[in-house]
Structures are given as C-alpha cells and as structure tokens.
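First up is the structure itself, then whatever we jot down about it.
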Amino acid sequence: MSLTMALYAGVLLLGTFISSVSQVILKKSAAKTYESKAREYLNFSVIFAYTLFFLASLMCIVAYRVVPLSFGPVLEATSYIYVTIFGVVFFKERITKKKLLALVLILLGIVIYSFGIPG
C-alpha cells in the first residue's frame with residue numbers, strides 16, 4: 001500500500017470514527033426529555049452530531065478519491081467496532097459471545113483484505 005493510499009485510508013477511518021461518535025451523541029440526546037418537539041431536534045447535541053455526520057461524509061468523499069471502492073466498505077466496517085466499544089463504555093451494554101465473535105470476524109476480514117491489496 002502506498003503512502004498516499006495509507007493517508008487517504010486513514011482519512012476514511014477517521015471519518016468512520018467521527019460518524020460513530022456522532023451516533024453516540026444522538027443516542028444520548030434521544031434519551032433526554034425535552035419541553036417541546038422543537039427543542040428535541042434543535043439543541044446543541046443534535047446540531048453538533050449532525051455537523052459531525054456532515055464532516056464525516058466529506059472525509060469519506062475525499063478519501064474515495066484515492067481509496068479503491070472495493071476497499072472502502074472494508075474500512076467502514078470498523079464502525080461496528082467503535083459502536084460496540086462506545087456502547088459498553090457509555091451505555092453499559094454487554095458484549096455477548098456472538099458480538100465478540102462478530103467483531104473478531106470483522107477484524108479478521110479487514111486484515112485478510114488489507115494484505116490482498118496491490119500497491
């Protein structure tokens with residue numbers, strides 16, 4: 001993998017991470033009660049989370065200028081890892097054996113695919 005490709009892959013991974021952070025912020029915001037429907041959607045947390053989503057989308061667009069389309073979804077699969085970790089840390093969710101197996105398979109798939117990329 002060339003240095004340029006690695007840099008753009010890093011941008012895609014960072015965008016995926018930022019998108020996952022945004023999801024956590026939205027979930028935390030949804031757990032609160034608000035005095036009106038307008039406040040439910042027009043508050044700092046929601047606006048900030050959607051701003052992060054927008055930033056993550058831009059990062060993905062930029063990354064796909066160099067990252068092959070066949071490799072992008074592999075990198076974006078890391079979001080399952082981030083979301084699982086955030087769920088445990090912020091929402092006290094439990095990691096079951098099935099979830100752990102799924103995460104291991106995702107990581108294994110990423111590693112196997114990464115070694116098969118020419119260049």
Side-chain angles (χ1 to χ4, degrees):
M1 182 183 300
S2 71
L3 182 59
T4 302
M5 168 100 144
L7 178 67
Y8 280 84
V11 169
L12 186 58
L13 283 171
L14 182 59
T16 303
F17 178 78
I18 290 171
S19 177
S20 300
V21 169
S22 177
Q23 291 175 40
V24 170
I25 295 169
L26 285 174
K27 187 171 181 176
K28 282 202 162 274
S29 179
K32 298 177 184 177
T33 55
Y34 298 92
E35 62 270 6
S36 70
K37 280 287 184 191
R39 287 272 184 215
E40 188 174 339
Y41 296 102
L42 297 175
N43 63 66
F44 177 77
S45 295
V46 170
I47 293 169
F48 181 65
Y50 280 113
T51 301
L52 287 178
F53 265 137
F54 180 75
L55 176 65
S57 296
L58 287 178
M59 292 174 80
C60 287
I61 290 168
V62 168
Y64 274 121
R65 299 176 108 194
V66 174
V67 174
L69 288 174
S70 61
F71 189 46
V74 174
L75 294 177
E76 290 176 0
T78 60
S79 68
Y80 294 108
I81 298 163
Y82 307 140
V83 169
T84 301
I85 292 169
F86 292 153
V88 169
V89 172
F90 295 110
F91 303 109
K92 308 301 181 217
E93 295 174 354
R94 299 190 63 196
I95 296 182
T96 63
K97 288 180 183 179
K98 285 183 180 181
K99 284 183 186 176
L100 188 60
L101 176 63
L103 292 176
V104 168
L105 289 173
I106 289 168
L107 284 172
L108 190 61
I110 292 169
V111 169
I112 289 170
Y113 189 89
S114 295
F115 284 112
I117 296 247

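One is the number of the first residue; the rest follow in order along the sequence.
Between the CZ atom of Arg65 and the OG1 atom of Thr4 there is a distance of 13.0 Å, given to the nearest 0.5 Å. Note that CG of Leu14 is 8.0 Å distant from CG of Leu55, once rounded to the nearest 0.5 Å. Interatomic distance, CD1 of Ile81 versus CZ of Phe17, reported as 12.5 Å (0.5 Å rounding). How far OG1 of Thr78 is from CG of Leu103: 11.5 Å, rounded to the nearest 0.5 Å. Atom OH of Tyr80 sits about 11.0 Å away from atom OG1 of Thr16, to the nearest 0.5 Å. Note: Ser79 OG to Ile18 CD1 = 13.5 Å, rounded to the nearest 0.5 Å.
Hydrophobic clustering, with ILVMFWY side chains joined whenever heavy atoms are under 4.5 angstrom apart, keeps Leu58 apart from Val67. One hydrophobic cluster, built from ILVMFWY side chains closer than 4.5 Å, cannot hold both Leu7 and Leu3; they sit in different ones. Cluster annotation: Ile25 and Leu42 are assigned to distinct hydrophobic clusters (Ile/Leu/Val/Met/Phe/Trp/Tyr, side-chain heavy-atom contacts under 4.5 Å, transitive). Linking ILVMFWY residues whenever their side-chain heavy atoms come closer than 4.5 Å, directly or via other members, leaves Phe54 and Val62 in distinct clusters. With hydrophobic clusters built from ILVMFWY side chains whose heavy atoms lie under 4.5 angstrom apart, Met59 does not share a cluster with Tyr50.
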Please assess Glu76 against Cys60 for the test side-chain contact (heavy atoms from CB on, under 4.5 Å), listing each intermediate value before the final yes or no. CA-CA 9 Å; Glu76 290 176 0; Cys60 287; 4.0 Å; yes
side-chain contact (heavy atoms from CB on, under 4.5 Å) evaluation trace for Thr51 with Ile47: CA-CA 6 Å; Thr51 301; Ile47 293 169; 4.2 Å; yes
Side chain to side chain donor-acceptor pair (under 3.5 Å), that's the test. Do Ser70 and Tyr113 meet it? Break it down for me. CA-CA 10 Å; Ser70 61; Tyr113 189 89; 2.8 Å; yes
Chi angles and distances behind the side-chain contact (heavy atoms from CB on, under 4.5 Å) call for Tyr82, Val21: CA-CA 8 Å; Tyr82 307 140; Val21 169; over 6 Å; no
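Atom CZ of Phe53 has more than 12 heavy atoms from other residues, nucleotides or ligands within 6.0 Å.
Screening Phe48, Tyr41, Tyr34 against Ser29 for a side-chain contact (heavy atoms from CB on, under 4.5 Å) leaves a single residue, Tyr34.
Annotation for Leu100: hydrophobic cluster partners, listed by chain and number, are Val88, Ile95 (ILVMFWY side-chain heavy atoms under 4.5 Å, direct or chained).
In this structure Tyr8 satisfies the ring-ring contact (aromatic ring centres under 6.0 Å, His included) test with no other residue, sequence neighbours excluded.
Minimum interatomic distance between Leu12 and Gly72 (heavy atoms only, all atoms of both residues): CD2-CA, 3.7 Å.
Pairs of residues two or more places apart, or lying in two chains, that qualify as salt bridge (charged side-chain N to carboxylate O under 4.0 Å, His left out) and include a residue from residues 88-111 are Lys27-Glu93.
Side-chain atoms of Met5 and Phe71, non-hydrogen and from C-beta on, do get closer than 4.5 Å to each other.
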